[in-house]
Amino acid sequence: MLDTQLLRKDIDTVVERLRARGFEFELDRYQDVEVRRKALQVATQALQNERNTSSRAIGQAKSRGEDASALLKKVGELGDELKRNEQELSALQEELSDLVSGVPNLPHPSVPVGNNENDNEFIRAWGEIPEYDFPVRDHVEIGQNLGAMDFDAAAKITGSRFVVMRGPLAKLHRALIQYMLDVHTTEHAYLETYVPYLVNSDSLFGTGQLPKFAEDQFVTREENWYLIPTAEVPVTNLFRDQILDADDLPIKHVAHTPCFRREAGSYGKDTRGMIRQHQFEKVELVQIVHPDDSYAALEELTGNAETILQRLELPYRVVSLSTGDLGFSSAKTYDLEVWLPSQQRYREISSCSNFEGFQARRMRARFRVAGDRKNTAPVHTLNGSGLAVGRTLVAVMENYQNADGNISIPEVLRPYMGGLEAIETLV
RNA sequence: GGUGAGGUGGCUGAGUCCGGUCGAAAGCGCACGACUCGAAAUCGUGUGAACGCUCUGCGUUCCGUGGGUUCGAAUCCCACCCUCACCGCCA
């Protein structure tokens, strides 16, 4: 949610910056509602004041044993108008908040202006793009040849965009999770956190998936709980309705969870393989920080995710998303893209974002400034994948494939694989 | 699923029977000041949140949520949600 003070003070700049990300703010409607809200709120509060004052006087008169019937009559006459005003005001306020809660965040000035992913800005690249002296296979072929990856079985059990894995490949998948958690907890000082995989609608509103992206979520029929699309939702909402001490910041959490996405509207996209699934594992980094520190934190968090790719010796590049490619809640996002030999291109494997106070305002996550006991201010929230596990597995399979169809196991994962050096065909 | 208890400020916790200076005692925490070479301890003062406006001030709303009664509701009535304890069932 944008800062309502900013909307009132400098709406023109807001409209312009939103336009850069391709969002047309309903200025006329906003101003119309806002003007009416202001007038009505002032009037209503004046009436409430009158009622309160008179009621207090009635109380005092009665306690002195005096006759209060004149006052009673007077206050009684306020009733209808007050009630009507209050109802109308709350309708207007609801309309206003509906309007504002559908508005995306403002891009940070450093974000490249553009229409879509083609306008993303290259930041840096790491690692050598590998060359192979044999025909490169994609992860589907490799996995199926090894007898360790089965999309047909998953389709039978459930439907498309799911996978079944077996044996050492399933173990490698698990090893990636363990490794990522270990690095982030022991080297990057994140607190390992276990959270529910089903959340209520308030949580999804807090991080910005609702109300606009309801069709991307899986929901339970009876309880109206949502399967989390990312651990960002439960972990960040840990701080919903909280007032933190400035001294407690920064707060850094890492959580491994499955993620569930309906992928509505991406029907033709990445239909083959594990790139785009309804269910996938992710290790997520979340930081809650002081507003002054959030851009330094974004660099740190992005670097934390990069560390995993570097240790796995997977070539990748970092891009800064353009205004047109930015997610709804984000002020600035770095995508990490890993090299996939079968596609001869980089594919997103992590998305690291600074939401500034956007999510914090939605979920009323504030901190108290030491010395200034009068005011609280929204914290800044960040998160990033460290990393998307399914896609990391794909990257390892493809980058570490051998001519004979086996997969070498990255050095750092071998301790997690009982010393195994390569995955060979299951018999 | 059954029975019972309960949801009050950053936290703990009174107030609810008997509606009226109760946005709310007390304690903790925090801030400032005094004492001190400095700190701890102690003492003093202050300290809920959100919002509006004609913004050194004035006002409004908020005691789980939503309705109702009333001139007036933390307090009375109704519905719902959640938490805890015990019993039953169960991974």
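Order of the sequence lines sets the chain letters (A, B, ...), proteins ahead of strands, with each chain counted from 1.
Rounded to whole Å, atom P of B:G52 lies 10 Å from atom NZ of A:K38. Taking atom CD on A:E94 and atom P on B:G66, their separation rounds to 12 Å, with Å as the unit. One atom, CG of A:D202, and another, P of B:C82, lie 13 Å apart when rounded to the nearest Å. Atom pair A:W225:CH2 and B:C82:C1' shows a separation of 11 Å (rounding to whole Å applied). Counting to the nearest Å, the P atom of B:A49 and the CZ atom of A:R361 are 19 Å from each other. Taking atom CG of residue A:D248 and atom C1' of nucleotide B:C11, one finds them 13 Å apart after rounding to whole Å. Taking atom CG on A:L244 and atom C1' on B:G10, their separation rounds to 10 Å, with Å as the unit. Spacing between atom CD of A:Q48 and atom P of B:U70 amounts to 18 Å, rounded to whole angstrom units.
Spacing between B:U56 and B:A79 at atom P, rounded to whole Å, works out to 49 Å. B:G64 and B:C81 have their C1' atoms separated by 8 Å, given to the nearest Å. Atom P of B:G52 sits at a distance of 30 Å from the matching atom of B:U69, rounded to the whole Å. Annotation: B:A40 and B:A34 have their P atoms spaced 14 Å apart (nearest Å). Nucleotides B:G6 and B:A91 place their P atoms 34 Å apart, quoted to the nearest Å. Comparing the P positions of B:C51 and B:C37 gives a spacing of 46 Å, expressed to the nearest Å. When the C1' atom is compared between B:A74 and B:G13, the two are found 14 Å apart, to the nearest whole Å. Nucleotides B:A24 and B:U83 are separated by 31 Å at their P atoms, to the nearest Å.
Distance from the side chain of A:R8 is smallest for B:G52 among the nucleotides B:U21, B:C71, B:G52. In the set B:G72, B:G52, B:A50, the nucleotide with an atom closest to the side chain of A:T376 is B:A50.
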* Asked: Dot-bracket for RNA chain B, 5' to 3', with Watson-Crick and G-U pairs under 3.5 Å, [ ] for crossing pairs and | for other-strand pairs: what is it?
  -> ((((((((.[[[..)....(.....]]]((((((.......))))))((((((...)))))).[[[[[..)....]]]]])))))))....
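Considering only side-chain N and O atoms, A:R368 lies under 4.0 angstrom from the phosphate OP1 or OP2 of B:A49. Remark: A:N49 is not in phosphate contact with B:C58, judged by side-chain N or O atoms under 4.0 Å from OP1 or OP2. At least one side-chain nitrogen or oxygen of A:R37 sits closer than 4.0 Å to the OP1 or OP2 atom of B:C53. Residue A:Q5 places at least one side-chain N or O closer than 4.0 Å to OP1 or OP2 of B:G52.
No hydrogens or angles considered: nothing links the side chains of A:Q209 and A:Y226 as a donor-acceptor pair under 3.5 Å. Side-chain contact check for A:S101 and A:R362: no donor-acceptor pair (N or O, by modelled atom type) lies under 3.5 Å. For A:T257 and A:K282, the side-chain atoms include no donor-acceptor pair closer than 3.5 Å. Between the side chains of A:D10 and A:T13, at least one donor N or O lies within less than 3.5 Å of an accepting N or O.
Across all strands, A:D245 comes closer than 4.0 Å to no nucleic acid atom at all (heavy-atom distances). Within the 4.0 angstrom heavy-atom criterion, only backbone atoms of the sugar-phosphate kind lie near A:R366; the bases stay farther away. Residue-level contact check: A:I243 touches the backbone only, with heavy atoms under 4.0 Å from sugar-phosphate atoms and none from bases. The residue A:E223 sits apart from the nucleic acid: no heavy atom pair falls under 4.0 Å.
Ion pairing between A:R161 and A:E263 fails under the 4.0 Å rule for side-chain N and carboxylate O. Ion pair A:D32/A:R36 flagged as a salt bridge, since at least one NZ, NE, NH1 or NH2 atom sits closer than 4.0 Å to an Asp/Glu carboxylate oxygen. Contact check on A:D150 versus A:R166 returns a salt bridge, with a Lys/Arg side-chain nitrogen under 4.0 Å from an Asp/Glu carboxylate oxygen. A salt bridge links A:E34 and A:R37; the closest N-O separation between the charged side-chain nitrogens and carboxylate oxygens is under 4.0 Å.
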* Would A:L106 and A:L6 satisfy side-chain contact (heavy atoms from CB on, under 4.5 Å), going step by step from the backbone distance to the final call? -> CA-CA 11 Å; A:L106 302 178; A:L6 185 66; 3.9 Å; yes
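Within residues 39-47 of chain A, the residues approached by RNA chain B to less than 4.0 Å at the level of any non-hydrogen atom are A:Q41, A:Q45, in residue-number order.
Of the two residues near RNA chain B, A:T4 and A:E50, the one whose nearest nucleotide lies more 5' is A:T4. Along RNA chain B, the nucleotide nearest A:I58 and the nucleotide nearest A:Q87 are compared for position; the residue whose nucleotide lies closer to the 5' end is A:Q87.
Under the 30°/60° scheme for interplanar angles, the aromatic rings of A:F260 and A:F218 are found to stand perpendicular. Classified by interplanar angle (parallel below 30°, tilted 30° to 60°, perpendicular above 60°), the ring pair A:H188/A:Y190 is perpendicular.
Within the structure, ring-ring contact (aromatic ring centres under 6.0 Å, His included) contacts touching residues 150-178 of chain A (residues at least two apart or in different chains) are A:F162-A:H278.
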